[in-house]
Number of protein chains: 2
Amino acid sequence: MTGPATGKPDRSRRPPTLEDVARAAGVSTATVSRSLNAPERVRAETRMAVEAAVRDLGYTPNFGGQALASNRTNTIGAIIPTMENAIFARALQALQETLTESRVTLLVATSHYDPAREEAQIRALIARGVDGLALIGSQRTAAADALLETRGIPFVILWSAPSETPHPAIGFDNARAAAELTAQVLARGHRRIAMISGPLAHNDRAQARLAGVRETLCATGLELAPGDLQECPYTLADGEVAAAALLGRAEPPTAIICGNDVLAAGALRAARRLGVDVPGALSVTGFDDIELATAVHPPLATIRVPHRGMGEAAGACLMDWIDSGRRPVSRLLPTEFVARESLGPVE
Amino acid sequence: MTGPATGKPDRSRRPPTLEDVARAAGVSTATVSRSLNAPERVRAETRMAVEAAVRDLGYTPNFGGQALASNRTNTIGAIIPTMENAIFARALQALQETLTESRVTLLVATSHYDPAREEAQIRALIARGVDGLALIGSQRTAAADALLETRGIPFVILWSAPSETPHPAIGFDNARAAAELTAQVLARGHRRIAMISGPLAHNDRAQARLAGVRETLCATGLELAPGDLQECPYTLADGEVAAAALLGRAEPPTAIICGNDVLAAGALRAARRLGVDVPGALSVTGFDDIELATAVHPPLATIRVPHRGMGEAAGACLMDWIDSGRRPVSRLLPTEFVARESLGPVE
DNA sequence: CTGAAAGCGCTAACAG
DNA sequence: CTGTTAGCGCTTTCAG
């Protein structure tokens with residue numbers, strides 16, 4: 001089909017350009033550009049001729065040309081720790097949808113909770129000319145901060161409370177949510193309470209959740225002894241191991257507060273394996289309220305996080321910043337405790 | 001630090017260009033370009049001068065300029081049905097990693113299993129100048145096929161068996177995997193077998209899985225009566241409803257084969273709610289082998305799908321196609337039946 | 001309301 | 001090995 005036989009292979013192979021459209025419509029390239037980008041500034045008749053030519057030729061703007069001339073890529077980048085946690089996926093989905101309304105594309109990268117990787121991804125996205133960035137959490141490398149600063153790229157921070165960072169943030173109060181959860185655990189009579197946290201290093205959300213638990217325990221005269229805190233990666237298997245360690249102690253906890261639903265599901269699995277009844281002999285709580293929370297048995301008491309809300313707000317906020325040039329204000333979104341069977345009264 | 005004190009604010013504000021680097025290094029722009037893109041064609045000394053200038057100025061190539069001049073964006077696009085299924089997420093992760101080695105960025109979009117949306121996303125990604133595309137499944141709108149065809153963009157199909165499509169595909173045999181699974185169910189003595197499938201329309205994978213089940217049943221003289229087949233969206237809640245309907249029939253099935261692990265987890269929840277023991281009174285099987293499969297109880301017997309393998313192969317395949325211009329060959333990857341507790345002998 | 005023309009920053013011949 | 005020189009396709013003044 002695409003043999004090099006014809007005399008002018010270029011002509012037929014190369015996609016139509018603005019100039020082709022202009023010629024076909026009998027107008028200038030400037031008019032075509034205007035018809036496409038600011039239709040109201042072109043007489044209806046002319047515009048229709050242009051539109052017809054566009055259809056006829058199957059014209060699509062060349063991305064590079066557009067980016068070069070306008071100095072905008074209509075792309076915003078997002079860097080999340082991992083795609084395997086459904087909660088980030090949902091926030092992205094919402095962000096994507098919001099952006100689509102502004103004809104902006106979302107470019108996604110993952111950091112695996114590693115600041116060095118996040119920095120590399122920030123660099124890569126900036127190099128790709130993104131107009132704005134959505135990042136998770138407030139802690140990153142100094143180099144990443146500097147890069148963001150000197151480039152002056154609009155970026156918003158998700159998942160952290162605005163109080164955690166001087167940058168525009170759209171998040172929720174991890175510490176307060178964890179405190180509320182802990183209060184609920186205490187209210188059910190638990191006094192031997194342990195926690196399984198995700199890796200704390202470079203993770204302000206995990207740190208805040210831990211702090212929230214600690215504070216609330218303190219207020220009741222309790223504390224999280226060193227052995228009562230397990231720190232492990234956010235996987236089911238690691239959660240299971242951590243919970244098993246906790247349950248193997250001389251005085252096992254009657255409640256385990258987990259850093260997220262995945263860890264909690266792991267804890268449930270450990271309890272089952274060890275023959276520990278939940279919630280009869282042990283209560284377990286999660287954090288996030290992903291689908292998994294109600295897929296396991298017993299269903300997990302947890303904290304519902306405003307994932308979609310953050311995604312939507314981030315999109316609106318970034319577009320506004322990019323278009324207006326005015327730095328947006330931070331927003332603190334609400335969370336909600338969700339009572340479910342995995343949390344019961346102490347026996 | 002970045003005070004506007006100096007006399008030439010423009011200078012400090014506008015990012016440095018190739019020309020700035022060239023001037024600083026005392027060479028031409030062509031040499032700078034070469035130092036960056038084909039270092040071996042430049043004398044070491046010169047190159048070092050260039051590199052120093054690049055560092056000094058904090059130069060980063062302008063994406064638009066690069067794209068325009070080279071007619072390449074070093075971006076490949078992927079369109080998956082949803083990010084909420086961990087299995088697509090993992091394949092993307094693997095694809096991403098493979099691509100990163102070639103300094104190529106992955107642009108991800110979702111279709112929600114909707115061909116119209118997929119077409120729109122294909123259009124959007126092409127407009128963004130992607131050099132190649134990875135798509136899920138072999139069924140799409142005629143317009144999408146035409147677009148792909150006329151643009152001549154390298155694209156590979158994932159998740160479907162190569163036999164399903166004339167295009168280069170990297171997938172597995174959904175029908176055969178489902179058949180194997182069904183054989184395992186039959187081998188355990190089940191004769192009243194039902195299936196919960198995801199939406200069949202425009203989904204060759206779901207269709208193939210159903211066909212695999214049907215064929216295997218047929219070979220044993222059984223069949224899937226109309227009432228034995230439930231079709232519903234791929235969510236836990238829908239799977240639960242579908243399973244409840246199946247279990248409420250006069251002669252309930254002793255085994256339910258589910259289109260994926262999420263539906264199977266839903267079926268498990270229905271069984272629990274209705275007091276049906278699994279695997280004692282009912283066996284349930286999944287498909288995919290995501291983490292969820294072992295988070296639920298009993299753990300799901302399922303089919304392990306080569307998600308990472310597909311992602312990696314797709315990356316290699318696309319890069320090869322883009323670089324060499326030669327259409328790659330399809331690859332059929334293996335699947336594996338994973339026996340777990342949710343599938344037991346019929347009582 | 002429309003057209004002419006000047007770049008945007010980079011790459012790729014083509015000479016030297 | 002390096003420099004010169006055209007563009008790549010589009011947006012955007014600036015005139016008319």
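Here is how names work: the chains are called A, B, and so on, in the same order as the sequence lines, proteins then strands, and each is numbered from 1.
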Backbone N or O of [Y] within a donor-acceptor pair of the [X] side chain at under 3.5 Å?
{"X": "A/Thr141", "Y": "A/Ala144", "value": "yes"}
{"X": "B/Asp204", "Y": "B/Ser138", "value": "yes"}
{"X": "A/Asn37", "Y": "A/Ser33", "value": "yes"}
{"X": "A/Asp20", "Y": "A/Thr17", "value": "yes"}
{"X": "A/Thr75", "Y": "A/Thr73", "value": "yes"}
{"X": "B/Ser324", "Y": "B/Arg326", "value": "yes"}
{"X": "B/Thr165", "Y": "B/Pro162", "value": "no"}

For chain A, the stretch of DNA chain C it reaches, first to last nucleotide, under 4.0 Å of its heavy atoms = C/dC1 to C/dG9
In the 5'-to-3' direction, what one-character label does each nucleotide of nucleotides 10-16 of chain D receive under the scheme B = base within less than 4.0 Å of a protein heavy atom, S = sugar-phosphate only, - = no such atom?
-> BBB----
Looking at A/His202, A/Glu119, A/Glu118, which hits side-chain hydrogen bond (donor to acceptor under 3.5 Å, both in side chains) with A/Arg140?
-> A/Glu118
A/Asp20 CG to D/dG9 P, straight-line distance once rounded to whole Å | 9 Å
note: B/Asn71, atom CG; D/dA6, atom C1'; distance rounded to Å ~ 16 Å
